[in-house]
There are 2 protein chains.
Amino acid sequence: MSRYKPTIEDVARVAGVSRATASRVINNAPGASGPLRVRVQAAVAELGYQPNETARALASGRQRTVDVIAITYGPGIDWLGTHPYFSRVLAGMMPVLEVVNAQLRLHALGHETAAEMIDEIAENTTIGAVLADITPALATRFYRRCRRTVSMVPTASSVPAMQADNIGGAYTAVNELHRLGRRRIAAIHGPALNPCAIDRRTGYLRAIRRLGLTKVDADGDFHREGGYHAAKKLLEQHPDIDAMFIACDLMAAGAVQAITATGRRVPDDVSIIGFDDSIASVCSNPTLTTMRLPVEDMAAAATRLLLEGDPAPGHRQRFPVDLVLRDSTRN
Amino acid sequence: MSRYKPTIEDVARVAGVSRATASRVINNAPGASGPLRVRVQAAVAELGYQPNETARALASGRQRTVDVIAITYGPGIDWLGTHPYFSRVLAGMMPVLEVVNAQLRLHALGHETAAEMIDEIAENTTIGAVLADITPALATRFYRRCRRTVSMVPTASSVPAMQADNIGGAYTAVNELHRLGRRRIAAIHGPALNPCAIDRRTGYLRAIRRLGLTKVDADGDFHREGGYHAAKKLLEQHPDIDAMFIACDLMAAGAVQAITATGRRVPDDVSIIGFDDSIASVCSNPTLTTMRLPVEDMAAAATRLLLEGDPAPGHRQRFPVDLVLRDSTRN
DNA sequence: CGTAGACCTGAGAGCGCTCTCAGGTGAAAC
DNA sequence: GTTTCACCTGAGAGCGCTCTCAGGTCTACG
């Protein structure tokens, strides 16, 4: 049987004060004299009292919870476990929440059930919600019900969002490969509907056009297997490829394996630049030059923004996407 | 300004019924006739009513939240973002929680503040808590306050736990390397105080002794950099090493890079077996043969166990650690 | 027609806590 | 000694919902 859980009522009785005074002492609020403070604190210690957060939240109207929403596109929610992105979001948020003693609630939804859940979450969110991954349509729907929202991915213009320069990042990557003397620069893109992937594709195409090169590209899925197969296919169809810009490190890691498997060397024969600067970029061999998406910084900023109150509609906070040099472009 | 949030009171008024009846309909509880049901549902739709989960939790005494606790050993909580383990735990839990419509609350704590927070969390947990990473001492402390607890890592005997055969896994790995003809089998261990790392070290030592080999090992930190440097050092001191058992894929990925950097080839010159079967094992090049720690399965089982009620003290659920063959041992 | 029994329905008492507000106390000022 | 004011303190009204329980309605049966 579970132990009896003391309430603030018990603390007050033991300390010989009213519930209100006990509450004041427990919350470190002003308006309780020294002697009473001591008595209440003694009672708290004696009973091992811990406030009930639920009751506290209901009574005060405020709660200390930030919701994180991750909607995967495929069936199930496999992405969560295999893609480094999500844990980076969480890692960025936690330290910020820790200092204000707030909690993090994670909602990972399959694409099918997402729409119904969205409303329930929006209505019950307290400090606010960080949309880690979501479609523009669902983001808008969520935002309509809850204004304490920040998106981590590109969305409709009204939803406050953290905005990384995906287009510029891709553009920079292609230019870097060109600078290294590469002229046959292929690309492996992300999912056609993914907003970040779309921007990175745009950046690639823009740079290719500007440099007067010919585009050589394939679609991927932001996963390693997709990168592996796309690279293999590209190399078969265009054996003269001497560089690849790959829209995600996970795919880039797969591509490196595929390139190695054809007997080519990285970076000697094919130079590689990935995207994200995730754990995959340093686990790969050689390590991957990549465009750093500052996910932790973005997540931390999103959290801070929520903590400050309702973000202004259309609020944007911009983040650079910088080149991180590693071995896959070392000549 | 935020919209007015309708309460069940509003629904009842609009539907022309009592709060109790509205509650019955909303919760799909028996005891409300057809006509009233329809009226209440219409009112819910009209007002866009969503129940307040906090109030519901307080009134009913039950809440639908599972807490996940991850305590990192070092300063800060960097592990969360860089180590694939945590997202695998979350990924394993989410599908189970989804079907019962429960939520997941994440607590990532630095080692310094952990002790104080533990009590507060324990006292406020509802469905229960999954201890993703924790020291035995803190696990016991937590368990004393809250019996709805399952640990994912080895702990004191009373705390219910998911138990993977870390010793056996390490033992199997070394035997496999021996079977492949390797005789100079080094090891890179995990943090000295990490319970899983301790077991894997034990398994290595046991196998080495049984096979009549000499131990050659170094300490790592479960991170890539640690693996890199440990491998480099081992190779300098013992150039004849022809295989390595590495207690974590992340370190193994680093070790592969270090080995390659010395001009040796994997697996030709040095055969590698990692541990975990995390994303790092497939991002590495060549891909890593590894001992699969079924984290998702363990997390799912832990969650299911909590959903069933208080687990029996000392409850253990065992999981095999199987060999997954990939390229780093391909001859 | 009376009555038992099944089924609805709503009033109201909390869940544990916060917070306002009225009253009470004591020191300082006149 | 009276008044003023600052500071404490506790009573009590909720926060929004659940759930028990008493009463009310309706059907079926003797």
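All chains are named by letter (A, B, ...) in the order of the sequence lines, taking the proteins before the strands, and each is independently numbered beginning at 1.
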### Message
Could you check whether any side-chain N or O of Lys5(A) sits under 3.5 Å from a backbone N or O of Glu123(B), counting only pairs where one atom can act as donor and the other as acceptor?
### Response
yes
### Message
Can you tell me which residue among Asp310(A), Val150(A), Thr149(A) is in a side-chain contact (heavy atoms from CB on, under 4.5 Å) with Leu305(A)?
### Response
Val150(A)
### Message
Tell me if a side-chain donor or acceptor on Ser23(A) pairs with a main-chain N or O of Arg19(A) at a distance below 3.5 Å.
### Response
no
### Task
Only pairs at least two apart or in different chains count here, so list each salt bridge (charged side-chain N to carboxylate O under 4.0 Å, His left out) that has a residue in residues 29-39 of chain B.
none
### Residue pairs passing the salt bridge (charged side-chain N to carboxylate O under 4.0 Å, His left out) test where at least one lies in residues 24-34 of chain A, sequence neighbours excluded
none
### Atom pair distance, as rounded to whole Å: CD1 in Ile26(A) and C1' in dC19(C)
14 Å
### Task
May I have all residue pairs that pass salt bridge (charged side-chain N to carboxylate O under 4.0 Å, His left out) and include part of residues 151-161 of chain B, sequence neighbours excluded?
none
### Query
At under 4.0 Å, does any side-chain N or O of Thr21(B) touch on OP1 or OP2 of dG10(C)?
yes
### Task
Decide whether Gln163(A) and Arg318(A) meet the rule of one side-chain donor and one side-chain acceptor closer than 3.5 Å.
yes
### Task
Using whole Å, report how far CZ of Arg13(B) lies from P of dA11(C).
14 Å
### Query
Does dA11(D) have OP1 or OP2 sitting under 4.0 Å from an N or O in the side chain of Ser18(A)?
no
### Message
So does Thr65(B) get a backbone contact from the side chain of Thr126(B), meaning a donor-acceptor N/O pair under 3.5 Å?
### Response
yes
### Query
Sub-3.5 Å donor-acceptor pair from the side chain of Asn27(B) to the main-chain atoms of Ala29(B), do we have one?
no
### Task
Classify every nucleotide of nucleotides 22-27 of chain D by which part a protein heavy atom approaches to under 4.0 Å, writing B for the base, S for the sugar-phosphate alone and - for neither, in 5'-to-3' order.
------
Give each protein N/O atom lying under 3.5 Å from an N/O atom of nucleotides 14-17 of chain D, with the pair distance.
{"residue": "dC15(D)", "atom": "O2", "partner": "Leu58(A)", "partner atom": "O", "Å": "3.4"}
{"residue": "dC15(D)", "atom": "O2", "partner": "Ala59(A)", "partner atom": "N", "Å": "3.2"}
{"residue": "dG16(D)", "atom": "N2", "partner": "Ala55(B)", "partner atom": "O", "Å": "3.4"}
{"residue": "dC17(D)", "atom": "OP1", "partner": "Tyr49(B)", "partner atom": "OH", "Å": "2.4"}
{"residue": "dC17(D)", "atom": "OP1", "partner": "Asn52(B)", "partner atom": "N", "Å": "3.2"}
{"residue": "dC17(D)", "atom": "OP2", "partner": "Ile8(B)", "partner atom": "N", "Å": "2.4"}

### Query
How close or far is atom C1' of dT9(D) from atom CZ of Arg24(A), stated in whole angstroms?
6 Å
### Task
Report yes or no: is the cationic atom of Arg141(A) (NZ for Lys, CZ for Arg) under 6.0 Å from the centre of the six-membered ring of Tyr143(A), at an angle within 45° of the ring normal?
no
### Task
Say whether, by atom type as modelled, one donor and one acceptor occur between the side chain of Thr125(B) and the main chain of Ile121(B) under 3.5 angstrom.
no
### Query
Which angle, to the nearest 10 degrees, lies between the helix axes at the two ends of the helix from dC1(C)-dG30(D) to dC30(C)-dG1(D), each defined by five pairs?
50°
